Amino acid sequence: MHDEPRSPKSNFIRQIVSDDLAAGKHRIVHTRFPPEPNGYLHIGHAKSIVLNFGLAEDFGGLCNLRFDDTNPHKENMEFVEAIKNDVAWLGFGWDDRLYFASDYFSNLYDYALELIDKGLAYVCELDAEQMREYRGTLKEPGRDSPYRNRTPAENRDLFQRMRAGEFPDGSKVLRARIDMASGNINLRDPVLYRIRHGVIHHQTGAEWCLYPMYDYTHPISDAIEGVTHSLCTLEFEDHRPLYDWTIDNLSVPTRPRQIEFSRLNLEYTVTSKRKLTELVSEGHVNGWDDPRMPTLSGLRRRGYTPAAIRDFCERIGITKSENRIEMQLLEDCIRDDLNKHAPRRLVVIDPLKVVLTNYDDTACEWLHAPHHPQDASLGQRQLPFCKELWIDRADFQETANKKYKRLVSGGLVRLRNAYVIRCDEVIKDDAGEIIELRCHCYPGTLETNPDGEKVRGVIHWVSARHGIPAEVRLYDRLFNVPNPGKDSGDYRTDLNPDSLAIRPNAVVEPCLASATPEQRFQFEREGYFCRDSKGTGLVFNRTVTLRDTWAKAGDSEA
RNA sequence: UGGGGUGUCGCCAAGCGGUAAGGCAGCGGCUUUUGGUGCCGCCAUUCCCAGGUUCGAAUCCUGGCACCCCAGCCA
């Protein structure tokens, strides 16, 4: 049960960083994680967080947390706080290096003036539709804007008046003056600034009516912060020439380098902020932290540990190839962590009464049960045992073949951490449903099996007199198909209607009554669960089932 | 002949001219008071295809093919 420190896997970015350091290009490596506060962080962001913070950590460098807050329309403080919370939960710190792109609004403005003075930026009055027409198409070059050749003086005056609020939204933009015929559309005089009146920015309030675009803001922010390696996802690859153009043409203090890697795609879920936002706003899930969501807050509420998520990010690697990771890998990561650390508990999710006919009516034994079968250092707890017990309905069948390792009529089974019992009688109600089992309890079988009789297997149980009622929520994959929306056209039609099954009548062993929010356990033979962090009731969320080779073998029920 | 990328086992992924790591999944077996865990074994004569260079190619060259991204005053 030891956690060997996992030495980070190498990847092409680590190689570049290591080469740069060896060549003396930088004193230290400096990265940044730059979320836009327009939604909650998801598992895909974790990949980037682990990459950026992990890289800095391993090379003795620094990683900043910087909010890319250049579009106040979509951003707000709730998201800022949630993101900080999630990054910290994952186990990363930014010390005093919490930045906002909006911290640099005035620097950005001054740099824009520098571009204007160099004849490299101009104020354009084409409206959005005209601009699209002038931009050309993927295969045809664009045409120069009629405003392209304004003098620096004229541009300076206009830009200053834009800032002063003299012009309405959409009437003017500041554009870079690069090349309208470039094969790379990002270089066809991209917009640098747009006018936005009347929005209250969560950091700068109403100070600005001018907001810079990402492509312009990002390289400058990186340069100001001394970022050496600016890591982003593949879709920004053809923005790199613009990133470099900006750095090359401005008197910025440092020269950061952008490197792209492929984003994470996970089977049976979606990792696009637009879709996650829709799942929440359209009520397909109960909020950003719904345990079915691939958000960090959802995974957290589901019972995932930071260690498991970091391990997952290490295991998937960093490359530039398109990928779609199987859910089984993520599940293996959390099972691996929880198997080692989660205390074991007995919980009956779908109770069936068992009466031990030969057991004293009033007796109660407190049996010892280890918290962990392979790790005695975790200690043990007491399990009350008495005449009436609950077992799970799925653990009894009137008849079954020899492969069935649970209780059958006339058969013997061991109660986990307790005695061996034999089912003598099946009681049914008028409808023919089994409502009770009358069993014989074999005394003296705490440590050994009864002589000459075959015990089919081991099942879990809870004392009916001592068990605590609880609600158990069984979660399954949010979508029915590996790539939601791929074939159906709309990912929503691939939603799994059975992604949540509530079991309101579960009975848990007594010590679980004091479980704290987010505390994780293995419910033996069922899976890993954690106490829900919302509400006051005794509610447990299933993180993941145990691996089940028997069910896989074809569900050969009997 | 728009521009930019990617193609190594079912899914990831090492490999950097010297003869295909590892993980997940899968399949056998052993252990087991969790059909769990642990342990052992099996799982790419072949690297998108076709030519070429070389004593030797997944790695170099040439030509194809497939897939992904780009025409927001989003990031």
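Within every chain, numbering begins at 1; the chains are lettered A, B, ... in the order of the sequence lines, protein sequences first and strands thereafter. Both backbone and side-chain heavy atoms feed into the values below; hydrogens, waters and symmetry mates do not. Keep in mind that what you see is a predicted model, and the values were worked out from it rather than measured.
- At whole-Å resolution of the value, CG in A:Asn323 and P in B:rU8 are 12 Å apart.
- The base of B:rU34 lies outside donor-acceptor range of the side chain of A:Glu526, with no N or O pair under 3.5 Å.
- Out of B:rA75, B:rC73, B:rG36, the shortest distance to the side chain of A:Gln374 is found at B:rG36.
- Put simply, A:Ser262 has no side-chain N or O that comes within less than 4.0 Å of OP1 or OP2 on B:rG5.
- Aromatic stacking of A:Tyr214 on B:rA75: not satisfied for centres closer than 5.5 Å together with planes under 30 degrees.
- B:rC43 sits 11 Å from B:rG10 when the C1' atoms are compared, rounded to a whole Å.
- Partner of A:Arg525 under the salt bridge (charged side-chain N to carboxylate O under 4.0 Å, His left out) criterion, chosen from A:Asp548, A:Asp392, A:Asp395: A:Asp395.
- Distance noted for atom P between B:rU54 and B:rG41: 43 Å (whole Å).
- As the counterpart of B:rC67, B:rG5 is assigned, both hydrogen-bonding distances of the Watson-Crick or G-U wobble pattern falling under 3.5 Å.
- Within 4.0 Å (heavy atoms only), A:Lys405 reaches at least one base atom of the nucleic acid.
- The listed nucleotides are B:rG35, B:rC16, B:rC12; the one nearest the side chain of A:Arg324 is B:rC12.
- As rounded to whole Å, 13 Å separates atom C1' of B:rC74 from atom CG of A:Asn186.
- Donor-acceptor pairing under 3.5 Å, judged by distance alone, is absent between the side chain of A:Glu331 and the base of B:rC24.
- The nearest whole Å value for the distance from the CD atom in A:Glu267 to the P atom in B:rA25 is 13 Å.
- Between A:Asp189 atom CG and B:rA71 atom C1' the separation is 14 Å, expressed in whole Å.
- Put simply, CZ on A:Arg310 is 22 Å from P on B:rG23, counting in whole angstrom units.
- Residues satisfying the ring pair (Phe, Tyr, Trp, His ring centres under 6.0 Å) test with A:His218, not counting sequence neighbours, are A:Tyr214.
- A sub-4.0 Å separation between OP1 or OP2 of B:rG35 and a side-chain N or O of A:Arg525 is present.
- The minimum heavy-atom distance linking A:Glu78 with A:Asn76 is given by the pair N-OD1, 2.9 Å.
- Counting only heavy atoms from C-beta on, A:Arg344 has its side chain closest to B:rU34 among B:rA13, B:rU34, B:rC73.
- Checked against the 6.0 Å centroid threshold, A:Tyr243 and A:Phe236 do not count as a close aromatic pair.
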Using the 3.5 Å cut-off, write out each protein N or O paired with an N or O of nucleotides 2-4 of chain B and the distance between them.
unit_1, atom_1, unit_2, atom_2, d
B:rG2, N9, A:Leu138, O, 3.1
B:rG2, N2, A:Gly183, O, 3.1
B:rG2, N3, A:Leu138, O, 2.8
B:rG3, O4', A:Gly183, O, 3.4
B:rG3, N2, A:Asp238, OD2, 2.6

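- Rounded to an integer number of Å, the gap from A:Leu187 CG to B:rC70 P is 17 Å.
- Taking only distance into account, the side chain of A:Glu326 meets the base of B:rG10 through a donor-acceptor pair shorter than 3.5 Å.
- Within the 4.5 Å cutoff, the side chain of A:Leu108 has heavy atoms near those of the A:Tyr193 side chain.
- The minimum heavy-atom distance linking A:Pro294 with A:Leu299 is given by the pair O-CD1, 3.8 Å.
- If you check distances only, the side chain of A:Arg406 does reach the base of B:rG35 with a donor-acceptor pair under 3.5 Å.
- The gap from the P atom of B:rA21 to that of B:rG35 amounts to 37 Å, rounded to the nearest Å.
- One can place CG of A:Leu407 at 14 Å from P of B:rG35, the figure rounded to the nearest angstrom.
- Closest approach to the A:Ile316 side chain among B:rC12, B:rC69, B:rA71 is made by B:rC12 (side chain taken as heavy atoms from C-beta onward).
- Taking atom C1' on both B:rG38 and B:rC60, the two are 47 Å apart, rounded to the nearest angstrom.
- Listed candidates were B:rA14, B:rC24, B:rC74. Nearest to the side chain of A:Lys74 is B:rC74.
- Considering only side-chain atoms of A:Pro373, the nucleotide from B:rA13, B:rA25, B:rG36 that sits closest is B:rG36.
- Among the nucleotides B:rA25, B:rU6, B:rA75, the one closest to the side chain of A:Ser321 is B:rU6.
- OP1 or OP2 of B:rC73 has not a single side-chain nitrogen or oxygen of A:Arg132 nearer than 4.0 Å.
- Ring geometry for A:Phe105 against A:Trp208 counts as perpendicular: the plane angle is over 60°, on a 0 to 90° scale with 30° as the lower cut.
- Aromatic ring centroids of A:Phe523 and A:Tyr528 lie 6.0 Å or more apart.
- One can place CG of A:Asn417 at 17 Å from P of B:rU32, the figure rounded to the nearest angstrom.
- Counting non-hydrogen atoms under 4.0 angstrom, A:Val173 reaches a base of the nucleic acid.
- As judged by a 4.0 angstrom heavy-atom cut-off over every strand, A:Asp127 is placed among the base-contacting residues.
- For the P atoms, the distance from B:rC12 to B:rG51 is 29 Å, rounded to whole Å.
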_Residues A:Phe67, A:Phe79; criterion ring pair (Phe, Tyr, Trp, His ring centres under 6.0 Å); working and verdict_ = CA-CA 10 Å; A:Phe67 286 94; A:Phe79 294 138; over 10 Å; no
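- Proximity of A:Arg143 to the phosphate of B:rA71: no side-chain N or O atom is located under 4.0 Å from OP1 or OP2.
- Note on A:Ser10: every side-chain N or O is 4.0 Å or more away from OP1 and OP2 of B:rA14.
- Between A:His440 and A:Tyr442, the angle of the ring planes goes over 60°, which puts this pair in the perpendicular group of the 30/60° scheme.
- Regarding contacts with the backbone of B:rA75, a side-chain N or O of A:Arg194 is found under 4.0 angstrom from either OP1 or OP2.
- Summarising the base pairing, B:rU19 is matched to no nucleotide, lacking a Watson-Crick or G-U wobble pair whose two defining distances lie under 3.5 Å.
- Comparing B:rA13, B:rA75, B:rG23 by their nearest atom to the side chain of A:Lys9 picks out B:rA13.
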